[in-house]
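Throughout, protein chains are lettered first and strands after them, A, B, ... in sequence-line order, and every chain is numbered starting at 1.
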Protein chains: 2
Amino acid sequence: MNEKLVEINKMLVEVYDDVNLIEEYSIKQGTFSDLSITEIHTIEAIGLYGAKTMSEASMELGITMGTLTIAVDKLIKKGYLERSRSNSDRRIVNVNLTNRGKLAYRIHEKFHLDMVKAIMLDFTLQEEEALLRALSKLNKHLKDIYLGSDR
Amino acid sequence: MNEKLVEINKMLVEVYDDVNLIEEYSIKQGTFSDLSITEIHTIEAIGLYGAKTMSEASMELGITMGTLTIAVDKLIKKGYLERSRSNSDRRIVNVNLTNRGKLAYRIHEKFHLDMVKAIMLDFTLQEEEALLRALSKLNKHLKDIYLGSDR
DNA sequence: CCTTTATATTTTGATTATCAAAATATTTGT
DNA sequence: ACAAATATTTTGATAATCAAAATATAAAGG
């Protein structure tokens, strides 16, 4: 009974660690080796479509705006982001991806999907469904129990 | 077809982020709020049973020995670890948990298991099995494809 | 319309985690 | 006993982070 919990916990921890390693490694090898994982996450948070304000992006990333300011400075210097001020409210700073930023976004997204695809290759349809259902449930529970269903 | 991959990928990413948040939060609240996640991981790597050398522990954690030296210094100051030199080979440094370190280890372990337990409460036996099988497979694949089955 | 208050962001000063390379200490091989 | 190998620590640097202070702009109230 408890045995299975221990096993599932162990798997989760290992998957967690592996994903981290793989992601780090794949970035180091790839076209955008001048980006860290954190920087890729920043690029992801800005997103392909239009611009985000500093508040929105820092909220989404769960970091302070001060931290984001520095991250954005560096990503602008590297050519992945652009900064502009809102015309309707000059306090607001909008950040958006450059073409290079969009390319990095898409390539990272593709890496993720390819990884999942490779992993699922020999899953039966039933297994696929089971994993998806279990993950959805896991995800929902994590949010409900520990993070308070909203946000 | 691709739709399911996107979905599974999204779930994995969300679970990953949530687990991180939850772990951070639970440490901040708990008995050992003077420990960071990184420090908890160091304590985990040393383990309950006997001592580990600096090489062994740094290998297990995937960090350099220089980084570990500093981490160990701080954990000794905080009372979680002890350092001693091997008698058979005076170059080797052994590190082990103090009682306080062991308590931290056990409490963190319990937190993990409780989390999994809470999540699995309303899983049917079939769903449990499905998740376990899928996770094993996922785990194995991650290691095979990206990390080279050994290590 | 000024003045205060609120909001959005950046700057500053500090800390933690990390690495690579140099330095130190000890053992092993010849 | 000397040179080479091994285990660890020290040093010098960088990245990511936060909280609090500073700056700039907008909104609200008399």
Side-chain angles (χ1 to χ4, degrees), chain A residues 16-17 20-21 23-25 27-29 32-46 51-78 80-96 104, chain B residues 17 20-21 23-25 27-29 32-46 51-78 80-96:
Chain A
Y16 184 92
D17 290 346
N20 215 357
L21 276 178
E23 196 152 2
E24 211 152 283
Y25 182 79
I27 289 170
K28 281 277 192 304
Q29 301 309 305
F32 297 108
S33 56
D34 64 333
L35 292 175
S36 66
I37 289 197
T38 307
E39 288 175 321
I40 295 259
H41 287 158
T42 304
I43 287 172
E44 277 184 324
I46 305 297
K52 290 246 170 99
T53 68
M54 293 298 286
S55 317
E56 286 168 352
S58 70
M59 187 79 84
E60 190 160 327
L61 288 163
I63 60 179
T64 64
M65 266 192 286
T67 301
L68 185 59
T69 296
I70 291 165
V72 167
D73 284 349
K74 234 173 35 179
L75 284 171
I76 288 172
K77 208 170 288 174
K78 289 185 186 176
Y80 293 94
L81 297 183
E82 279 168 352
R83 192 174 353 216
S84 58
R85 280 199 178 260
S86 158
N87 283 322
S88 55
D89 183 341
R90 306 284 304 153
R91 290 170 303 179
I92 293 176
V93 169
N94 288 300
V95 184
N96 64 276
Chain B
D17 290 346
N20 215 357
L21 276 178
E23 195 151 1
E24 209 151 284
Y25 182 79
I27 289 170
K28 282 277 189 307
Q29 301 309 306
F32 296 107
S33 56
D34 64 335
L35 292 174
S36 66
I37 288 198
T38 307
E39 287 174 323
I40 295 259
H41 286 157
T42 304
I43 287 172
E44 277 184 324
I46 306 297
K52 290 246 170 98
T53 67
M54 292 297 287
S55 318
E56 288 167 351
S58 70
M59 187 80 82
E60 191 159 327
L61 287 164
I63 59 178
T64 64
M65 266 192 285
T67 300
L68 185 59
T69 296
I70 291 165
V72 166
D73 284 349
K74 232 172 38 176
L75 284 171
I76 288 172
K77 208 169 288 172
K78 289 186 186 175
Y80 292 94
L81 297 183
E82 279 169 351
R83 191 171 359 215
S84 58
R85 280 201 178 259
S86 159
N87 283 322
S88 54
D89 183 340
R90 307 282 304 154
R91 289 170 305 179
I92 293 174
V93 169
N94 288 300
V95 184
N96 64 277

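The separation between B:E24 atom CD and C:dT16 atom P is 14 Å, rounded to whole Å. A straight line from NZ of A:K77 to P of D:dT14 spans 13 Å, rounded to a whole angstrom. Atom-to-atom, CD1 of B:I92 to P of D:dT6 comes out at 12 Å; the value is rounded to the nearest Å. Between the CD1 atom of A:I40 and the P atom of D:dA16 there is a distance of 12 Å, rounded to whole Å. Note: NE2 (B:H41) to P (C:dT16) measures 18 Å, nearest angstrom. Spacing between atom CD of B:E39 and atom C1' of C:dT18 amounts to 14 Å, rounded to whole angstrom units. Rounded to whole Å, the distance from CD1 on A:I70 to P on D:dA15 is 11 Å. What separates CG of A:L68 from P of D:dA16 is a distance of 12 Å, to the nearest Å.
In this structure, of C:dT16, D:dT9, D:dT17, it is C:dT16 that holds the atom nearest to the side chain of B:K74. Distances from the side chain of B:R91 to the nucleotides C:dC19, D:dA5, D:dT9 place D:dA5 closest. The side chain of A:T38 has D:dT17 as its nearest neighbour among D:dT17, C:dA20, D:dT10. If you check D:dC18, C:dT16, C:dT18 against the side chain of B:I63, the one that comes closest is C:dT18. For B:R83, taking side-chain heavy atoms from C-beta onward, the closest of the listed nucleotides C:dT18, D:dT9, C:dT7 is D:dT9.
Put simply, CD on A:E44 and CD1 on A:I37 are 10.0 Å apart, with the number rounded to the nearest 0.5 Å. Distance check, rounded to the nearest 0.5 Å: CD of B:E39 to NZ of B:K78 gives 3.5 Å.
Here the rule is side-chain hydrogen bond (donor to acceptor under 3.5 Å, both in side chains) with A:R83, and of A:D73, A:T69, A:N94 only A:D73 fits it.
Between B:T67 and C:dA17 there is no side-chain N or O to OP1 or OP2 distance below 4.0 Å.
Along DNA chain D, the nucleotide nearest to A:M65 and the one nearest to A:R90 differ in position, and the one closer to the 5' end is contacted by A:M65. Each of A:S88 and A:S36 has a nearest nucleotide on DNA chain D; the 5'-most of these lies closest to A:S36.
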* Passes side chain to side chain donor-acceptor pair (under 3.5 Å), A:N20 versus A:Y25? Steps please. -> CA-CA 9 Å; A:N20 215 357; A:Y25 182 79; over 6 Å; no

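For the pair A:R85 (side chain) and A:V93 (backbone), a donor-acceptor distance under 3.5 Å is absent.
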